[in-house]
Amino acid sequence: MTDFDRQDYSLETQAIRVGHSRTHEDEHSIPIFATSSYVFASAEQASLRFTGKQAGNIYSRFTNPTVSAFQDRLALMERGERCLAFASGMAAIMAVGMALLKAGDHVLCSRSVFGNSVLAFQNYFGKFGVDTDFVALTDLSAWEAAIKPNTRFLFLETPSNPLIEIADIRALADIAHRHGCLLVVDNCFCTPVLQQPLALGADLVVQSATKFIDGQGRCVGGAVIGNEELIEKDIYPYLRTGGASMSPFNAWVFLSGLETLAIRMKAHCDNAFELAKWLETQPAVAKVHYPGLASHAQHELAKRQQNHFGAVVSFELSGGKEQAWRLIDATRMLSITANLGDVKTTITHPATTTHGRLSPEARAEAGIADSLVRVSVGLEHIEDIKADLLRGL
Ligand SMILES: Cc1ncc(COP(=O)(O)O)c(C=O)c1O
């Protein structure tokens, strides 16, 4: 830890200054520690490190200085005590489940989470005797009613994908704690710049660093952030054994991503808000889903809970799949890809890609219309983004 690892710096300063302890080379930029293991001064020191009686590096599956710098920085930004980095966002989510769940436990999961998170709980934890029920993200009484005596944690994303619904984190943390459960929030749409679930009462945050933290679509990575006890006692032993550690190179990319995250998120959100307002004026657009709009059902909650309204906008066209595909295919600049959180604007048809494995009935129940289009708004000039969409509108 350096002099800069202080809680009282603003998030923007922490994002730039926290985590790097200069080596004897006096480097200004953090180095990539490309080493799989570390050398001990003596057999005794090796033994002390392995038994945990002395802090220090042993092997890069456990700790690595570049990865540790990323962890320290993100922990402070998320207002957590500790962070552990993983090879991907899904590896971070699997780690939470593997570390906290046992046969006979129950998980309560939002119906509107990333498809692989659904599969993780349903197919994999289900295989080992963990039951999962799914509830509507914004229905507080449905969450409370579905909690069972064996519920271990509640799991959600807010805003949700692709309908950008907002969950009341503080209210759900209170519900979870009243029933002796934990609240786990996937914060990858907002990043700590827009929302800090731990400060609102959540127990663990998971991140896909692949998205806005990288910000330029280069590396895959993830993280779990929480208090010392949960991270140290439950998640860290799993990381050592499970082995889905983040590579030092990826941590180095994510560290520089964090340095510009605040200004990028502001620019993403400004562009997205402008695009949402413009889409609402387009005759071919039947409905726009964006929490910055007064028409959004959780507009007031979003204002209270988030620092800005986010970078992802979805909208329904008059018509169906054909109209949505025509709009997508008419773009020349936007990237047709399911990824999000990139400086490049991306466009997706959720009903036939990310949510294509759901039955038409399940999609209808989740509110995902065939005409729905999702845009992760990038940092190109807003007039160029509008012009590209206008071709198909
Ligand atoms: C909300 C959300 N959580 C988690 C993930 C998984 O992250 P990764 O792709 O880094 O494993 C994704 C990926 O798209 C996501 O959108």
Side-chain angles (χ1 to χ4, degrees), residues 75 78-86 88-158 160 167-188 196-208 222-244:
E78 286 281 8
R79 304 297 175 243
E81 291 172 359
R82 283 281 306 275
C83 165
L84 287 177
F86 286 86
S88 69
M90 280 318 302
I93 291 168
M94 288 303 289
V96 169
M98 291 296 281
L100 298 184
L101 298 172
K102 62 178 184 325
D105 280 347
H106 174 246
V107 172
L108 203 49
C109 184
S110 158
R111 208 180 279 153
S112 315
V113 292
F114 181 52
N116 286 108
S117 301
V118 174
L119 296 181
F121 291 118
Q122 217 165 36
N123 293 8
Y124 291 95
F125 293 114
K127 205 162 74 165
F128 298 106
V130 174
D131 268 346
T132 301
D133 283 316
F134 295 89
V135 289
L137 176 70
T138 59
D139 187 345
L140 292 177
S141 46
W143 281 96
E144 184 143 30
I147 293 178
K148 298 179 178 175
N150 57 341
T151 304
R152 181 74 172 109
F153 60 75
L154 279 50
F155 182 90
L156 60 92
E157 289 165 20
T158 179
S160 68
D168 188 333
I169 297 173
R170 195 179 286 284
L172 283 164
D174 287 346
I175 291 173
H177 298 156
R178 219 170 28 243
H179 293 269
C181 317
L182 302 175
L183 177 67
V184 184
V185 177
D186 181 332
N187 197 28
C188 103
Q196 293 157 337
L198 297 174
L200 296 170
D203 300 283
L204 287 173
V205 157
V206 292
Q207 274 290 351
S208 165
V224 182
I225 309 101
N227 67 28
E228 184 76 33
E229 196 189 331
L230 276 173
I231 298 288
E232 187 64 35
K233 187 167 75 52
D234 294 315
I235 314 278
Y236 178 65
Y238 172 73
L239 172 67
R240 278 180 72 145
T241 303

Side chain to side chain, [X] and [Y], heavy atoms closer than 4.5 Å:
{"X": "P197", "Y": "E78", "result": "yes"}
{"X": "F153", "Y": "V96", "result": "yes"}
{"X": "L204", "Y": "I231", "result": "yes"}
{"X": "T132", "Y": "F125", "result": "no"}
{"X": "F128", "Y": "L101", "result": "no"}
{"X": "M90", "Y": "S117", "result": "yes"}
{"X": "F86", "Y": "I235", "result": "yes"}
{"X": "F155", "Y": "V206", "result": "yes"}

Closest approach of [X] to [Y] (non-hydrogen atoms, all atoms of both residues):
{"X": "D234", "Y": "A99", "value": "O-CB, 3.2 Å"}
{"X": "I169", "Y": "A202", "value": "CG2-CB, 4.4 Å"}
{"X": "L154", "Y": "A176", "value": "CD2-CB, 4.0 Å"}
{"X": "S88", "Y": "A91", "value": "OG-N, 2.9 Å"}
{"X": "L183", "Y": "L172", "value": "CD2-C, 4.1 Å"}
{"X": "I225", "Y": "G80", "value": "CG2-CA, 3.9 Å"}

Could you tell me the separation between the [atom1] atom of [X] and the [atom2] atom of [Y], rounded to the nearest 0.5 Å?
{"X": "L182", "Y": "D203", "atom1": "CG", "atom2": "CG", "answer": "4.5 Å"}
{"X": "Y124", "Y": "N116", "atom1": "OH", "atom2": "CG", "answer": "9.0 Å"}
{"X": "D131", "Y": "F121", "atom1": "CG", "atom2": "CZ", "answer": "13.0 Å"}
{"X": "D105", "Y": "C181", "atom1": "CG", "atom2": "SG", "answer": "10.0 Å"}
{"X": "L198", "Y": "E81", "atom1": "CG", "atom2": "CD", "answer": "9.5 Å"}

Do other residues, nucleotides or ligands put more than 12 heavy atoms under 6.0 Å from the CE atom of M98?
-> no

Quick note, salt bridge (charged side-chain N to carboxylate O under 4.0 Å, His left out) partners involving residues 141-152, not counting sequence neighbours, are D133-K148, E144-R178

Quick one: which of L108, V185, V184 gives a side-chain contact (heavy atoms from CB on, under 4.5 Å) with L156?
-> V185

With distance as the sole test, does [X] use its side chain to make a donor-acceptor pair with the main-chain N or O of [Y] at under 3.5 Å?
{"X": "E228", "Y": "R82", "value": "no"}
{"X": "D174", "Y": "A171", "value": "no"}
{"X": "S208", "Y": "G89", "value": "no"}

